[in-house]
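Since the model is a prediction, treat every value here as computed from it, not as a measurement. Residue numbers begin at 1 in each chain, while the letters A, B, ... track the order of the sequences.
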Number of protein chains: 2
Amino acid sequence: MSAQQYPVQALVASRRPHRKDAARNYDALLDAAREAFAEHGADASLEDIARRAGVGIGTLYRNFPSRRELFESVYANDVNELVRVAEEVADREPWEALTAWFARFAGYMVTKRAVREALDEESEIFDACRESMYAAGGPLFERAQQAGVARKDMDFGDLIRMVAGITATVFTDDAQRDRVLSIALDGVRTR
Amino acid sequence: MSAQQYPVQALVASRRPHRKDAARNYDALLDAAREAFAEHGADASLEDIARRAGVGIGTLYRNFPSRRELFESVYANDVNELVRVAEEVADREPWEALTAWFARFAGYMVTKRAVREALDEESEIFDACRESMYAAGGPLFERAQQAGVARKDMDFGDLIRMVAGITATVFTDDAQRDRVLSIALDGVRTR
DNA sequence: ACTGTAGCGGAGGTACCCCTCCGTTTCAAC
DNA sequence: GTTGAAACGGAGGGGTACCTCCGCTACAGT
């Protein structure tokens with residue numbers, strides 16, 4: 001659980017300012033941005049984000065000099081959250097730990113989609129986040145494989161993309177999403 | 001195979017102009033728009049689309065008086081293509097016909113995503129397209145169920161969303177996409 | 001309490017996009 | 001070939017978003 005194990009943690013910690021008012025504004029901007037990304041995707045207006053956060057546009061640009069840095073920060077924070085969850089579920093049964101982790105994916109994918117659209121793969125943050133993600137979730141999957149409940153002819157990268165695709169899709173209701181996800185996971189499970 | 005069976009066919013046919021130059025411009029605009037949607041999603045610039053098509057912005061607006069109508073036309077054309085493919089594969093083995101049809105999904109989903117973003121469910125075209133889609137693909141799935149190769153505790157709506165989600169996802173390469181899709185379909189197949 | 005400095009907000013210049021309008025061009029019917 | 005109707009292109013007005021810049025504010029260290 002060292003800082004090196006999850007490179008994304010450094011990104012999350014490094015930017016937050018020290019002065020009290022500044023830190024408050026920083027947090028408000030991150031929240032407002034996450035909300036705006038969920039609503040408008042990659043084209044959320046920065047001026048709108050500043051407005052939501054109740055700060056001037058100048059404050060937004062001081063904290064995040066470029067659009068890219070704002071996207072990266074929001075994304076890194078979300079990945080960090082998912083890393084935390086992986087630790088939380090680690091003591092459950094192998095298959096159940098894995099599915100519990102994936103249950104948190106829907107929220108994460110909302111941000112992820114906007115960020116991927118906006119940054120278009122050019123950012124090194126994807127490497128750090130993927131690495132953290134794999135370090136967090138990979139062991140859950142490998143444990144399931146070793147316990148003999150998950151098929152061995154696929155890797156974690158295959159699995160995470162499958163789940164990502166399904167959770168990012170629009171369903172008629174949450175019950176359908178759960179049903180479809182569980183059918184797809186039936187393809188992963190050994191019987 | 002009457003016109004009524006696939007409501008989307010009416011939408012596709014009705015708009016294309018009769019004069020030769022006008023028809024050529026109309027086709028160029030549809031192609032340019034599909035390309036722009038793939039690149040920039042719902043926020044593709046109409047002026048850019050006209051530029052790509054090699055026509056003036058005025059011509060675009062004459063053919064598609066509103067942004068919405070352009071999106072609808074591109075989308076309807078894509079759905080129509082998928083309807084055609086369903087007829088093409090109908091004479092193969094049940095399971096193979098189904099997977100062959102889904103193999104054409106990736107291209108369709110590119111447009112679909114932009115259109116869904118732009119129209120935000122408010123358009124009645126989604127009903128016509130969904131109906132056509134189900135009329136085209138549904139029988140392929142039901143045939144697989146009756147042949148005993150597809151599980152019976154899910155419906156075509158579940159299946160199509162599962163495949164849509166997976167094909168819309170970014171993979172490292174096409175081989176991975178195919179592998180993941182086939183694993184998910186293993187969850188659908190009876191063994 | 002004082003004060004220097006980090007932080008603040010928003011006006012405004014630039015750029016792009018939307019959409020309308022109308023003078024010009026091209027088609028096709030005769 | 002003539003002609004009129006249909007189609008064309010793009011200038012331009014209105015709007016919005018990006019980002020910079022700088023006079024003002026409020027925190028925190030002494």
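- With sequence neighbours left out, the ring pair (Phe, Tyr, Trp, His ring centres under 6.0 Å) criterion links F141(B) to no other residue.
- The stretch residues 161-173 of chain A participates, sequence neighbours left out, in no salt bridge (charged side-chain N to carboxylate O under 4.0 Å, His left out) pair at all.
- Applying the side-chain contact (heavy atoms from CB on, under 4.5 Å) rule to R179(A) yields the partners Q176(A), I183(A), D158(B); only residues at least two apart in sequence or on another chain are considered.
- On the nucleic acid side, DNA chain C has its first and last nucleotide under 4.0 Å of a heavy atom of chain A at dA6(C) to dA11(C), going 5' to 3'.
- Comparing the axis of the opening five pairs of the helix from dA1(C)-dT30(D) to dC30(C)-dG1(D) with that of the closing five pairs yields an angle of 30°, rounded to 10°.
- The shortest heavy-atom contact between M133(A) and F156(A) is O-CE2, 4.1 Å.
- Take Y26(B) and apply the ring pair (Phe, Tyr, Trp, His ring centres under 6.0 Å) test, not counting sequence neighbours, and it matches F64(B).
- Remark: F105(B) pairs with W101(B), F102(B), Y108(B) by the ring pair (Phe, Tyr, Trp, His ring centres under 6.0 Å) rule, at least two apart or across chains.
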Using a cutoff of under 3.5 Å, can you pull out all pairs of nitrogen or oxygen atoms linking the protein to nucleotides 26-29 of chain D, with atom names and distances?
{"from": "dA28(D)", "atom 1": "OP1", "to": "K20(A)", "atom 2": "N", "distance (Å)": "2.9"}

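- The stretch residues 43-65 of chain B touches DNA chain D through G54(B), V55(B), G56(B), I57(B), G58(B), T59(B), R62(B), each having a heavy atom under 4.0 angstrom from the strand.
- Among residues at least two apart or in separate chains, there is no salt bridge (charged side-chain N to carboxylate O under 4.0 Å, His left out) pair with a member in residues 134-146 of chain B.
- In R104(B), the CZ atom is not crowded: 12 or fewer heavy atoms of neighbouring residues, nucleotides or ligands sit closer than 6.0 Å.
- Crowding of E93(B) atom CD: a count of heavy atoms from other residues, nucleotides or ligands under 6.0 Å not exceeding 12.
- Applying the 4.0 Å criterion to OP1 and OP2 of dC8(D), one finds that N25(B) has a side-chain N or O inside that range.
- For R151(B), the salt bridge (Lys or Arg N to Asp or Glu O under 4.0 Å) test picks out D186(A), D153(B), with sequence neighbours left out.
- L119(A) and V110(A) sit in two unconnected hydrophobic clusters of ILVMFWY residues. Membership requires side-chain heavy atoms under 4.5 Å apart, directly or through other members.
- Contacts of Y61(A) classified as ring pair (Phe, Tyr, Trp, His ring centres under 6.0 Å), with partners at least two apart in sequence or in another chain: none.
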